[in-house]
Amino acid sequence: AEDFLVMLRRRESEWLPTWLETAEASDINELTRFAGRLRSDQDAVQAGLTVHWSNGQTEGHVTKL
């Protein structure tokens with residue numbers, strides 16, 4: 001889980017496939033399920049690690065409405 005956080009903060013998308021394999025092979029059920037969900041939409045996760053823009057502020061306002 002800590003490696004995933006480091007990957008996010010550094011935007012090191014090239015480590016995503018390796019991290020997913022390691023997480024899915026772990027004995028931690030929650031981590032295995034999380035990795036499986038990320039893999040199901042891996043293209044979007046990969047884009048999130050590489051694209052430098054975000055619509056987070058817009059989404060926050062929409063959620064308030």
Side-chain angles (χ1 to χ4, degrees):
E2 290 177 9
D3 291 342
F4 184 74
L5 181 60
V6 169
M7 183 176 51
L8 283 177
R9 288 184 175 160
R10 294 182 182 172
R11 295 186 172 268
E12 296 176 334
S13 63
E14 65 274 6
W15 291 106
L16 181 61
T18 303
W19 185 87
L20 289 172
E21 289 175 15
T22 303
E24 289 172 333
S26 77
D27 292 331
I28 303 169
N29 191 30
E30 293 84 357
L31 191 58
T32 303
R33 285 192 323 233
F34 178 63
R37 295 298 296 155
L38 291 181
R39 189 175 294 283
S40 71
D41 203 6
Q42 188 170 345
D43 290 339
V45 175
Q46 193 83 29
L49 289 170
T50 56
V51 177
H52 292 284
W53 58 269
S54 171
N55 67 344
Q57 187 173 10
T58 302
E59 291 294 328
H61 290 294
V62 170
T63 301
K64 287 180 185 178
L65 293 175

dist E14:CD -> T50:OG1 (nearest 0.5 Å) comes out at 10.5 Å

Taken to the nearest 0.5 Å, the spacing of L16 CG from R39 CZ works out to 8.0 Å

Exercise. Look at atom CH2 of W19 and say whether more than 12 heavy atoms of other residues, nucleotides or ligands are closer to it than 6.0 Å.
Key: yes

Rounding to 0.5 Å, atoms CZ (F34) and CG (N29) come to a distance of 14.0 Å

CE (M7) and OG1 (T18) are apart, to the nearest 0.5 Å, by 9.0 Å

Shortest non-hydrogen pair, S13 vs L49, comes out as CB-CB, 3.6 Å

Verdict with supporting geometry, F4 and L38, side chain to side chain contact (heavy atoms under 4.5 Å, CB included):
CA-CA 11 Å; F4 184 74; L38 291 181; 3.6 Å; yes

The reported gap from CG in D41 to CD in Q46 (rounded to nearest 0.5 angstrom) is 11.5 Å

Shortest non-hydrogen pair, A35 vs E24, comes out as CB-CG, 3.7 Å

